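First the structure, in the form of structure tokens, and then the observations on it.
Chain identifiers are assigned alphabetically (A, B, ...) following the order of the sequence lines, protein sequences preceding nucleic acid strands; residue numbering begins at 1 within each chain. Keep in mind it's a predicted model, so treat the numbers as computed, not measured.
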There are 2 protein chains.
Amino acid sequence: MPSSVLNNDHYEKDRVALMGRHREFDVEKVLDAALCVFWRKGYEGASYSDLTEAAGVERPALYSAFGNKEALFRRALDRYYERYLDFIPKSLELPTARAVAAHILYSAAELHTRHSHHTGCLGINGVLAGSDEAEPVRQALIEARAGGEAQLRERLERAKAEGDLPETAKPEALAAFVMAVSHGMAVQAKAGFSRDMLEAVAEQALSAWPAGSSTTSG
Amino acid sequence: MPSSVLNNDHYEKDRVALMGRHREFDVEKVLDAALCVFWRKGYEGASYSDLTEAAGVERPALYSAFGNKEALFRRALDRYYERYLDFIPKSLELPTARAVAAHILYSAAELHTRHSHHTGCLGINGVLAGSDEAEPVRQALIEARAGGEAQLRERLERAKAEGDLPETAKPEALAAFVMAVSHGMAVQAKAGFSRDMLEAVAEQALSAWPAGSSTTSG
DNA sequence: CCGTTTCCATAACGAGCATTACGATAACGC
DNA sequence: GCGTTATCGTAATGCTCGTTATGGAAACGG
């Protein structure tokens, strides 16, 4: 849920200008290009030259449209959650906790290997480590990550209340576990793992899923 | 197994000089300081100023002792595997596959939260993403990571042959799963997770461990 | 005690970084 | 069509990066 931590100062510039010369490039397409560069190289690893080259737009155009590098990254991160990590909120609507976990893990396996030129997860690649100047960005990624995990935990608490998970189940630990496996797969995808291999990891992770009172096993 | 991919050009300089002025700093201590900086900031996130400040040594001294930043990082990575990731080869000597996996996961949970100022795993933090110039370092980390996983896979293949894992077990997938959970915990440690939380993740990961023919459950 | 060798510290190197003046250009309201 | 306004491309800003040239200081061999 990164939008809550975003600096919105430059969002207003997306409106169509009523006067003066019109913007000649498509902001959405530029954002997509930036997203790919950040996905591949992380926040600090992506230079403005990388970004302008990928976007096909000169440097001042990017600044006028998004503010600065950090704001551009936050826009890209928002877009990433909306357009690529949308399987998380969708999965939460599935009927059983196990189905939720399975959908998250298999979707992650697919996403992390979908594009050969930017594997893994933008949120993980972004800034696990970096210079001190990138600390605000790192915090934004941490908060976004925590938001997704919190949603999953709440869903699993509901499942426990519904008898879909046993009384002994610990929703917080289960949610952390699912996210840990997902993050681990993101790292492995960066190391070149195939989708099949990641799906085998997901399968193993699911093989221990606790059964609810009304669940039929098999 | 990073030593196989290391550039050894500067190792020889560690010998005590027989002539000329003696080195005034302790190479081991400088290496430890560099290791901590890289652990915290990653490869590209750590600047030479960071390194010299942490080591208490001037820039040319680091260059004369280690060559350049990449060589220094590789030395630090070697040291990391020797002094911090030694629980992996040690765990492989445990009697059962489950004990191996448990030891790896709980050791990882401890290591990733041991130092509050550099959490997670140096191998993961190092360079998941970064500029193109860091590609050789990224490859070195990928190879080192793969080496550890390969060792675990071989150990699990042995366990399968010994009946310690069922015939249906897939050692490659199991090894990837254990490493994925470990990597995921490293990411979560970077996000501020406590050791207790990571141990809960490890426990969940182990709850599905396949039983061998001679294993008594419970 | 001199010559050689090696290390130390200061300070500089060129390159790349994120960011921005600047003047020209284009689209609107009136 | 003229003034206003916003974007355009070019080129420069100051800063930090990794790396190294330079000269003095220290430890050895003979």
Side-chain angles (χ1 to χ4, degrees), chain A residues 7 9-10 12-27 29-30 34 37-38 41-76 127 129-137, chain B residues 7 9-10 12-27 29-30 34 37-38 41-76 127 129-137:
Chain A
N7 177 346
D9 286 358
H10 291 88
E12 53 191 328
K13 295 206 175 181
D14 282 3
R15 59 171 166 66
V16 181
L18 296 179
M19 286 183 62
R21 183 173 178 176
H22 298 341
R23 185 168 283 141
E24 293 179 1
F25 57 89
D26 185 340
V27 174
K29 288 185 180 176
V30 166
V37 174
F38 282 131
K41 301 197 170 190
Y43 173 65
E44 291 193 298
S47 73
Y48 245 92
S49 296
D50 294 330
L51 294 166
T52 55
E53 185 178 356
V57 155
E58 296 302 322
R59 303 161 95 85
L62 255 86
Y63 279 94
S64 92
F66 302 100
N68 63 5
K69 190 182 176 184
E70 180 174 340
L72 174 57
F73 181 81
R74 295 176 111 104
R75 286 289 297 274
V127 265
S131 76
D132 290 339
E133 288 151 38
E135 187 59 34
V137 176
Chain B
N7 176 343
D9 287 355
H10 291 88
E12 52 190 329
K13 294 207 174 178
D14 283 5
R15 60 172 165 66
V16 181
L18 296 180
M19 284 184 63
R21 184 174 176 175
H22 297 339
R23 184 171 282 141
E24 292 178 1
F25 59 90
D26 185 338
V27 174
K29 288 184 180 176
V30 166
V37 174
F38 282 131
K41 302 196 170 191
Y43 174 65
E44 290 192 298
S47 73
Y48 243 93
S49 296
D50 294 330
L51 294 165
T52 55
E53 186 178 356
V57 155
E58 296 302 323
R59 302 160 93 86
L62 262 120
Y63 278 95
S64 89
F66 301 101
N68 63 4
K69 190 183 176 184
E70 179 174 340
L72 174 56
F73 181 81
R74 296 176 111 105
R75 285 289 296 273
V127 265
S131 74
D132 290 339
E133 288 152 39
E135 186 59 34
V137 175

Item checked: Side-chain-base donor-acceptor pair under 3.5 Å for A/R21 and C/dT25 -> yes

Rounded to the nearest Å, what distance is computed from the [atom1] atom of residue [X] to the [atom2] atom of nucleotide [N]?
X: A/Y43; N: C/dC17; atom1: OH; atom2: P; value: 14 Å
X: B/D26; N: C/dC7; atom1: CG; atom2: P; value: 15 Å
X: B/F25; N: D/dA25; atom1: CZ; atom2: P; value: 20 Å
X: A/R59; N: C/dG16; atom1: CZ; atom2: C1'; value: 10 Å
X: B/E44; N: C/dA18; atom1: CD; atom2: C1'; value: 16 Å
X: B/R23; N: C/dC8; atom1: CZ; atom2: P; value: 7 Å
X: A/D50; N: C/dG16; atom1: CG; atom2: C1'; value: 11 Å

Hey, does the side chain of [X] come within less than 4.0 Å of [N]'s phosphate (OP1/OP2), counting only N and O?
X: B/H22; N: D/dC28; value: yes
X: B/Y63; N: D/dT19; value: yes
X: B/N68; N: D/dT19; value: yes

Note to self: Quick check on DNA chain C: between B/P60 and A/K69, whose nearest nucleotide comes earlier from the 5' end?
What the structure shows: B/P60

Next item on the list: Would you please test A/E135 and A/V127 for side-chain contact (heavy atoms from CB on, under 4.5 Å) and show each step?
Entry: CA-CA 9 Å; A/E135 187 59 34; A/V127 265; over 6 Å; no

From [X] atom [atom1] to [Y] atom [atom2], the distance as rounded to the nearest 0.5 Å:
X: A/K69; Y: A/R74; atom1: NZ; atom2: CZ; value: 13.5 Å
X: A/R23; Y: A/S64; atom1: CZ; atom2: OG; value: 5.0 Å
X: A/S131; Y: B/E44; atom1: OG; atom2: CD; value: 10.5 Å
X: B/F38; Y: B/D50; atom1: CZ; atom2: CG; value: 9.5 Å

Check: With nearest nucleotides of DNA chain D determined for B/E24 and B/E70 from heavy-atom distances, which residue corresponds to the more 5′ nucleotide?
Finding: B/E70

Next item on the list: Ignoring the backbone of A/Y48, work out which of C/dA18, C/dC7, C/dT10 is nearest its side chain.
Entry: C/dA18

